[in-house]
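Scroll down for the structure; my scribbles are underneath it.
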Amino acid sequence: MSLIAVSRQNLCDRLASITDAADQELLVDGPLTDVAHNNRARLLRNGLMVVAFTSLEDFIRARTGEALDCVSRSVIKFQDFPEPLRMAATFGAMRAVQDRARMAQRSGGDPFTLLQDAAQEIASTKGGALQISRYSLGYSGSNVSSQEIADILGCLNVKNAWGQITEISSRAGFGSIPLKAEYESAAQLRHAAAHSPVANTQPADLKGFCEKALAIALGFDVLTSRASRLIRDGDGHILKEKVELAKSIVLRFLDEAKGGYSEKIENSARAYKKHADRDTAWKASMQRATKENQPVVERNKSELPVVWATPDLL
């Protein structure tokens, strides 16, 4: 659906496929005597754990890059941005791009063009048409740590990043389990799956992480989109100090129901409107949500989010 960012739709589709695959016979252990099958199943599950975690990392980097593009179109001057963001767009980008250039060189790529393009972007912070480098945030290491996710939001002047991610995802329907700990636990599973010869990711681990990955992605996306739009528009509050944005964000839901979709505004007792089909529901709800800057969350019959859109940053 064109209303939903490609990076977001790709993540949701990939995690849905992995969740479905986790129950397939090829990935489920058989009798202990069937050693060959169980070894294949273990390797496949470990591989899918790496794919699932990498998919979330890729999404975080992609949406962060889109947020930086949004901020680059700001009505204010670079020197008026929050200091952590200015540091990331200069010092951070310089450090990260050197590492990426070395990686490109080792793999036979072109490190010079990468460095030159990044240098132009860093130089743009001095004057002229601003273009903040995508390497400014999310590329301090080969993987995206829980601290780096907090740092990305912190550079956009979002306070209490992981607490805010958990709050948004909980209100969307994912439950209130602290998501920082879930991310760190999944990172350990991913590391073991990639590097330990005795790692044995279970189907429940895969399905559990895919749900938590959606929760983390949704909360991160909603907050990043709102913060980048406010900075772009020169909002005095977020430019001055770190803020907790979650309470100021109202969600709009599209809940799958018998005969179509029910459009609801968060904390409303009744449905705002009922729609006969998904496309109609999305088009109509996004028109209203855009006017109010309300993220739209599509949920299944169990009221679990399956995909979402953020009018702040499509």
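Only a predicted model underlies this, so the values are computations on that prediction, with no experimental measurement involved. Just so you know, residue 1 is the first one in the sequence shown, and it goes up from there.
Distance check: Gln294 CD to Met286 CE gives 11.0 Å after rounding to the nearest 0.5 Å. The line from OH of Tyr139 to CZ of Arg134 is 4.5 Å long, rounded to the nearest 0.5 Å. Separation of atoms CG (Leu156) and CG (Leu223) is listed at 10.0 Å; rounding is to 0.5 Å.
In Gln105, the CD atom is not crowded: 12 or fewer heavy atoms of neighbouring residues, nucleotides or ligands sit closer than 6.0 Å. Counting heavy atoms of neighbouring residues, nucleotides and ligands inside a 6.0 Å radius, atom NZ of Lys242 exceeds 12 of them. The 12-atom threshold is not exceeded at CD of Glu83, counting heavy atoms of other residues, nucleotides or ligands nearer than 6.0 Å.
Contacts of Phe220 classified as ring pair (Phe, Tyr, Trp, His ring centres under 6.0 Å), with partners at least two apart in sequence or in another chain: none. Not counting sequence neighbours, Asp117 has no partner by the side chain to side chain donor-acceptor pair (under 3.5 Å) test. The side chain to side chain donor-acceptor pair (under 3.5 Å) test applied to Ser169 returns no partner, not counting sequence neighbours. For Leu239, the side chain to side chain contact (heavy atoms under 4.5 Å, CB included) partners at least two apart in sequence or on another chain are Ile76, Pro82, Ile231. By the side chain to side chain donor-acceptor pair (under 3.5 Å) test, Asn46 is found to be paired with Thr201, residues two or more places apart in sequence or in another chain being considered. Every residue two or more places apart in sequence or in another chain that forms a side chain to side chain donor-acceptor pair (under 3.5 Å) with Arg288 is listed here: Glu263. For Asp235, the side chain to side chain contact (heavy atoms under 4.5 Å, CB included) criterion is met by Leu230, His237, Ile238, not counting sequence neighbours. Residues satisfying the side chain to side chain contact (heavy atoms under 4.5 Å, CB included) criterion with Ala67, sequence neighbours excluded, are Thr224, Ser228, Leu313. With sequence neighbours left out, Ala16 forms a side chain to side chain contact (heavy atoms under 4.5 Å, CB included) with no residue at all.
Salt bridge status for Asp69 with Arg73: absent, with no side-chain N to carboxylate O gap under 4.0 Å.
Each of Lys301, Arg278, Lys264, Lys274 was evaluated against Asp255; a single residue qualifies, Lys264, per the salt bridge (Lys or Arg N to Asp or Glu O under 4.0 Å) test.
No side-chain donor-acceptor contact under 3.5 Å links Glu256 to the backbone of Arg299. Of the possible donor and acceptor atoms, none in the side chain of Arg171 sits under 3.5 Å from a partner among the backbone N and O of Leu251. Between the Ser124 side chain and the Gln131 main chain, a donor and an acceptor come within less than 3.5 Å of each other. Checked by atom type and distance alone, the side chain of Thr125 pairs as donor or acceptor with a backbone atom of Ile122 at under 3.5 Å. At least one donor-acceptor pair closer than 3.5 Å links the side chain of Ser268 to the backbone N or O of Ile265. A side-chain donor-acceptor contact under 3.5 Å links Ser107 to the backbone of Ala104. Between the Ser302 side chain and the Leu304 main chain, no donor and acceptor come within less than 3.5 Å of each other.
Applying the salt bridge (Lys or Arg N to Asp or Glu O under 4.0 Å) rule to pairs touching residues 90-102 yields Asp99-Arg102, sequence neighbours excluded. Among residue pairs with one or both ends in residues 12-37, those qualifying as salt bridge (Lys or Arg N to Asp or Glu O under 4.0 Å) are Asp23-Lys207, Asp29-Arg45; sequence neighbours excluded.
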Side-chain donor-acceptor pairs of residues 174-189 under 3.5 Å, sequence neighbours excluded:
unit_1, atom_1, unit_2, atom_2, d
Tyr183, OH, Val144, O, 2.5
Glu184, OE2, Ser146, OG, 2.8

